[in-house]
**Student:** 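Provided herewith is a single structure, encoded as structure tokens, for subsequent inquiry.
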Amino acid sequence: MRADGTQPHVLAVNDSPELLDLFCEIFDEECFRVTTRAEGDTKFDDIVQLAPDLIILDYRVGVEGVLLLQLTESPVTNHMPIILCTGVVRNEADAVWKLLNSMGVTIVFKPFDIEHFLRVVREVLGLDSDLD
């Protein structure tokens, strides 16, 4: 919850129903509003309409690349922070990760520690973290 009492809105996109359920549980406990979408079912216009405060994308190199580029390049969405939550091994695509970081995209590798994940989310959203 923000200092002004509003709930941050998180859009989580993933191919795993179990992970989407976990995101719902995590963000419900944190008093965040969460919208989930199956990977491949999420279109750029849907994201514009939802106007989330944070987008969490599953990322396998090449699968969600077009959507990611649209989000980071469009003046309508480039202010929306993105966290890639990926199972891709860091060393396999080091140049890709450096490029994404330079674009302002935050990366969390799976499997992740929930407390670490929440610290990253709070940092990206500019919220105070009391999880230390």
Side-chain angles (χ1 to χ4, degrees):
M1 183 92 52
R2 293 186 177 122
D4 65 3
T6 60
Q7 294 178 305
H9 181 200
V10 176
L11 170 63
V13 180
N14 201 285
D15 63 342
S16 165
E18 295 82 12
L19 192 55
L20 291 175
D21 289 344
L22 177 63
F23 286 143
C24 286
E25 288 178 37
I26 291 170
F27 292 122
D28 185 53
E29 287 182 24
E30 293 297 308
C31 297
F32 287 17
R33 186 167 60 114
V34 64
T35 301
T36 60
R37 294 286 188 266
E39 189 176 78
D41 291 344
T42 305
K43 306 293 182 237
F44 178 79
D45 291 337
D46 297 334
I47 295 172
V48 170
Q49 186 174 13
L50 285 170
D53 297 304
L54 171 65
I55 302 164
I56 300 174
L57 289 176
D58 187 6
Y59 189 77
R60 289 173 283 151
V61 177
V63 175
E64 291 293 334
V66 172
L67 179 59
L68 179 63
L69 285 174
Q70 286 178 310
L71 292 169
T72 57
E73 296 296 319
S74 171
V76 177
T77 55
N78 65 5
H79 66 283
M80 295 176 184
I82 299 171
I83 295 176
L84 291 185
C85 191
T86 181
V88 174
V89 177
R90 181 184 313 227
N91 295 340
E92 289 181 9
D94 198 40
V96 173
W97 303 135
K98 287 179 185 176
L99 174 63
L100 291 171
N101 279 318
S102 74
M103 297 166 62
V105 175
T106 302
I107 302 163
V108 173
F109 292 95
K110 298 179 208 171
F112 57 83
D113 173 79
I114 292 174
E115 288 187 17
H116 168 75
F117 176 73
L118 282 172
R119 277 193 296 275
V120 171
V121 166
R122 289 180 168 284
E123 181 180 311
V124 167
L125 287 172
L127 301 174
D128 291 330
S129 177
D130 58 0
L131 298 172
D132 293 328

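Computed over heavy atoms, backbone and side chain alike; hydrogens, waters and symmetry mates excluded.
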**Student:** Take Leu57 and Thr42 through the test side chain to side chain contact (heavy atoms under 4.5 Å, CB included) and record every step on the way to the result.
**Tutor:** CA-CA 10 Å; Leu57 289 176; Thr42 305; over 6 Å; no

**Student:** Supply the atom-to-atom distance Leu50 CG to Ile55 CD1, rounded to the nearest 0.5 angstrom.
**Tutor:**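 The CG atom of Leu50 sits 9.0 Å away from the CD1 atom of Ile55.
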
**Student:** Per the salt bridge (charged side-chain N to carboxylate O under 4.0 Å, His left out) rule, what does the pair list look like for residues 101-110, sequence neighbours excluded?
**Tutor:** Asp58-Lys110

**Student:** Ser16: which residues meet the side chain to side chain donor-acceptor pair (under 3.5 Å) condition with it, sequence neighbours left out?
**Tutor:** Glu18

**Student:** For the backbone of Gln70 and the side chain of Ser74, can you confirm whether one donor and one acceptor N or O come within less than 3.5 Å of each other?
**Tutor:** no

**Student:** Mind running side chain to side chain contact (heavy atoms under 4.5 Å, CB included) on Val108 and Val121 for me, showing each step along the way?
**Tutor:** CA-CA 10 Å; Val108 173; Val121 166; over 6 Å; no

**Student:** What are the two closest heavy atoms between Met103 and Thr72, and how far apart are they?
**Tutor:**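 Met103 and Thr72 have their closest heavy atoms at CE-OG1, 3.1 Å.
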
**Student:** Please report the interatomic distance CZ(Phe27) to OG1(Thr35), rounded to the nearest 0.5 Å.
**Tutor:**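 Phe27 CZ to Thr35 OG1: 11.0 Å, rounded to 0.5 Å.
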
**Student:** Using 0.5 Å steps for rounding, measure from the CD1 atom of Ile47 to the CG atom of Leu11.
**Tutor:**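 One finds 5.5 Å between CD1 of Ile47 and CG of Leu11.
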
**Student:** Could you report the tightest heavy-atom contact between Arg37 and Leu20, atom names first, then the distance?
**Tutor:**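 Distance-wise, the nearest heavy atoms are O-CD1, 3.7 Å.
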
**Student:** Would you name the heavy atoms of Cys24 and Thr36 that are closest together and state the gap between them?
**Tutor:** SG-CG2, 3.6 Å

**Student:** Run the ring-centre check on Phe23 versus Phe32 and record whether the distance is less than 6.0 Å.
**Tutor:**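 No - the distance between ring centres of Phe23 and Phe32 does not fall below the 6.0 Å cut-off.
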
**Student:** For Cys31 versus Pro8, what's the shortest heavy-atom pair and its separation?
**Tutor:**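 Smallest heavy-atom distance, with atoms named: O-CD, 4.3 Å.
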
**Student:** Going through the distances and angles, do Leu84 and Leu68 end up as a side chain to side chain contact (heavy atoms under 4.5 Å, CB included)?
**Tutor:** CA-CA 9 Å; Leu84 291 185; Leu68 179 63; 4.2 Å; yes

**Student:** Compare every heavy atom of Pro81 with every heavy atom of Leu54, then report the nearest pair and how far apart it is.
**Tutor:**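 So the minimum-distance heavy-atom pair works out to CD1-O, 3.5 Å.
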
**Student:** Within this structure, what is the CD-CD1 distance for the pair Glu123 and Ile83, rounded to the nearest 0.5 Å?
**Tutor:**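 The CD atom of Glu123 sits 9.0 Å away from the CD1 atom of Ile83.
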
**Student:** The test is side chain to side chain contact (heavy atoms under 4.5 Å, CB included); show your working for Asp53 and Gln7 and say whether it passes.
**Tutor:** CA-CA 10 Å; Asp53 297 304; Gln7 294 178 305; over 6 Å; no

**Student:** Are Val48 and Thr77 side-chain neighbours, meaning at least one heavy-atom pair lies under 4.5 Å?
**Tutor:** yes

**Student:** To the nearest 0.5 Å, what is the distance between CG (Leu22) and CZ (Phe117)?
**Tutor:**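 With rounding to 0.5 Å, CG (Leu22) is 8.0 Å from CZ (Phe117).
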
